[in-house]
Amino acid sequence: MTAMSARAVAAKAAVDVVTSFFGRIQALADDEHALDFTFGNPHEMALPGLPAALRAQAEPRTVNWFAYKSSERPAQEVVASALSGELGLAFEPDDIAMTQGAFGAMSLAFALLCDAGDEVVIPMPGWFCYEPMLYAADLTPVRAPLEPETFDLDVDAIARALTPRTRVVVVNSPANPTGRVYPRSAWDALAEVLEQASRTHGRRIWLLSDEPYRRIRFDGAGFASPAGSYPWTLIDYSYGKVLLAPGQRLGYLALSPLLPAAERNELRAAMFPLGLAIGWGFPDAVMQYAVPELETLSLDMAELTRKRDRLYGALTQAGLQVTRPEGTFYLWGRAPGGDAVAFCSALEQRHVYVMPGTLFDQPEHFRVSLTATMSMIEQALPHLVEVAAGFGGPTDAAPLSRVSSRQSG
Ligand code: PLP
């Protein structure tokens, strides 16, 4: 007899690749020389405005200050107004459910839209938590590959993944791990496919646009949300990325204002009850009070750009195949020799920790988090280049001294 439900077993199995990676890099904790480029965690003290914003709200002003909170109206108003400005769509406060980060918003979306056993299409390579979340919700993940070289959205691959059981398609732009940002034309093409398939199957297919990196874009790149192309779109967002504080849980789920009125009203009315039903999935009171202040804060994009350019420039000059990120704080590359685990293990011997693509089911690739400091990057670069050369990948490896810090590829 087993204590765990079948869906718990499936979810646990889907996280195994992440937990075993945690296990492998346990050495990190004891390694005082470690250069950690694995997860998107902060490596510097918090943005100065963040503790100030939280401190300002931590002191209770009324007896209800720390009472149960659902989606606080002022927070919804600030989000609706900011989102309307960003996306050029008329969001109203009632379209917004405040959640515990993007994780919480996605759980709420699945609870609102899906029945047990429904299929949810996810991008590959894509974030490694989609599958466990879906299994835990008794849903069936269906992988749709991105274009293999460019990691562009492959609308035909999504079309092929659709069945009469498909309820949701998840898209992610800017994309983890590839750093790609998709244009409106991709969303328009996808919208056509989803509309057609919904009609064919007699069942609405919804789009969940996972946008936690929406504000983390390089070179002034524009942003289009599929919520502007396909009315049956829900957006999930997190403040954890732009504030570089993923431990302070805050995010939201937003309904596309283009949603037909009947469905918009139905979902608006369901957001509170389902937020309660999934386990009071609302952010803590202090985080909600701080939303007006937090909306104005961001990690330093100029510094992040310098880090991207330094690492991308040096690695490409050394002959590595790396995707130049348009957004997110990750760099995605092909491991020299084609064996990411071997490449990452060799780097670990030199105290440099990067994430093998096996976590994304891409055993030939690796991901580097740009949340590391510039000093960490400078220390790690010679090792990355030398280890790569040892794998025979970058045969034309240039000595690092020749690599200019102004390179942007
Ligand atoms: N979606 C993607 C693509 C992510 O990379 C992450 C976090 O890494 C999340 C959602 C969840 O974000 P949060 O932990 O801020 O809720």
Side-chain angles (χ1 to χ4, degrees), residues 76 78-99 101-106 108-110 112-113 120-123 126-127 130 144 146 151-155 158 168-176 178-195 198 204-242 250-260 263-264 267-268 271 295 298 301 325-329:
Q76 290 174 298
V78 168
V79 168
S81 153
L83 202 50
S84 299
E86 263 180 280
L87 302 186
L89 295 166
F91 290 89
E92 293 175 6
D94 284 340
D95 295 321
I96 311 297
M98 301 307 297
T99 63
F103 263 111
M106 297 180 84
L108 177 59
F110 297 139
L112 283 165
L113 301 172
V120 175
V121 176
I122 54 171
W127 185 43
Y130 294 137
L146 300 167
F151 305 107
D152 277 331
L153 202 69
D154 184 343
V155 174
I158 295 176
V168 176
V169 172
V170 177
V171 289
N172 173 220
S173 174
N176 176 10
T178 65
R180 293 301 318 277
V181 176
Y182 302 124
R184 181 174 304 282
S185 56
W187 304 136
D188 289 345
L190 180 59
E192 237 176 80
V193 162
L194 298 183
E195 182 57 36
S198 299
R204 174 56 60 191
I205 299 172
W206 292 77
L207 200 52
L208 179 58
S209 183
D210 182 25
E211 302 180 7
Y213 302 96
R214 190 177 63 235
R215 293 175 177 172
I216 305 177
R217 306 193 306 275
F218 299 106
D219 313 315
F223 179 79
S225 171
S229 298
Y230 187 64
W232 294 271
T233 299
L234 274 57
I235 294 172
D236 69 83
Y237 183 75
S238 171
Y239 289 86
K241 309 296 179 189
V242 75
L250 180 69
Y252 55 78
L253 185 71
L255 308 177
S256 170
L258 305 182
L259 202 53
E263 286 153 302
R264 191 178 185 186
L267 288 182
R268 282 176 167 192
M271 289 206 290
E295 260 293 324
S298 168
M301 275 310 298
E326 300 160 301
T328 74
F329 40 53

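Basis for what follows: all heavy atoms, side chains included, without hydrogens, waters or symmetry-related copies. All values derive from a computational prediction rather than experimental measurement.
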### Query
Would V181 and Y213 satisfy side-chain contact (heavy atoms from CB on, under 4.5 Å), going step by step from the backbone distance to the final call?
CA-CA 10 Å; V181 176; Y213 302 96; over 6 Å; no
### Query
Would a 4.5 Å heavy-atom cut-off, applied to side chains only, mark I96 and L83 as touching?
yes
### Task
Assert yes or no for the condition that the ring centre distance of W206 to F110 is strictly below 6.0 Å.
no
## Note on the structure
The side-chain contact (heavy atoms from CB on, under 4.5 Å) partner of P226 among I235, L207, L190 is L207
#### Entry: Interatomic spacing from CG in L253 to CG in L112 - rounded to 0.5 Å
6.5 Å
### Message
Can you confirm whether P260 sits close enough to P231 that some side-chain heavy atom of one is under 4.5 Å from a side-chain heavy atom of the other?
### Response
yes
### Query
Do W187 and Y230 have side-chain heavy atoms sitting under 4.5 Å apart?
no
### Message
Walk me through whether K241 and E211 qualify under salt bridge (Lys or Arg N to Asp or Glu O under 4.0 Å).
### Response
CA-CA 10 Å; K241 309 296 179 189; E211 302 180 7; over 6 Å; no
#### Entry: Neighbour count above 12 (heavy atom, 6.0 Å) for E192 CD
no
### Row check, Y237 ring normal vs R214 NZ/CZ: under 6.0 Å, within 45°
yes
### Query
Under 4.0 Å between a Lys/Arg side-chain N and an Asp/Glu carboxylate O for E295 and R215?
yes
#### Entry: Separation between CZ of R268 and CG of D95, rounded to the nearest 0.5 Å
4.0 Å
### Query
For N176 and T328, does a side-chain donor sit closer than 3.5 Å to a side-chain acceptor?
no
### Contact check, side chains of S173 and F223, non-hydrogen atoms, under 4.5 Å
yes
### Task
Could you pull out the closest heavy-atom pair between T99 and G104, with the gap in Å?
CB-C, 3.9 Å
### Message
I'd like to check L234 versus L267 (side-chain heavy atoms, cut-off strictly below 4.5 Å). Are they in contact?
### Response
yes
## Note on the structure
For F91 and P257 the tightest heavy-atom approach is CE2-CD, 3.4 Å
### Query
Any idea which heavy atoms bring S229 and D188 closest together, and the distance?
OG-OD1, 2.7 Å
### Query
Is any side-chain heavy atom of V170 less than 4.5 Å from a side-chain heavy atom of V121?
no
### Message
With a 4.0 Å cut-off on N to O distance, would you call E326 and R180 a salt bridge?
### Response
yes
### Under 3.5 Å donor-acceptor, S84 side chain and L89 backbone
yes
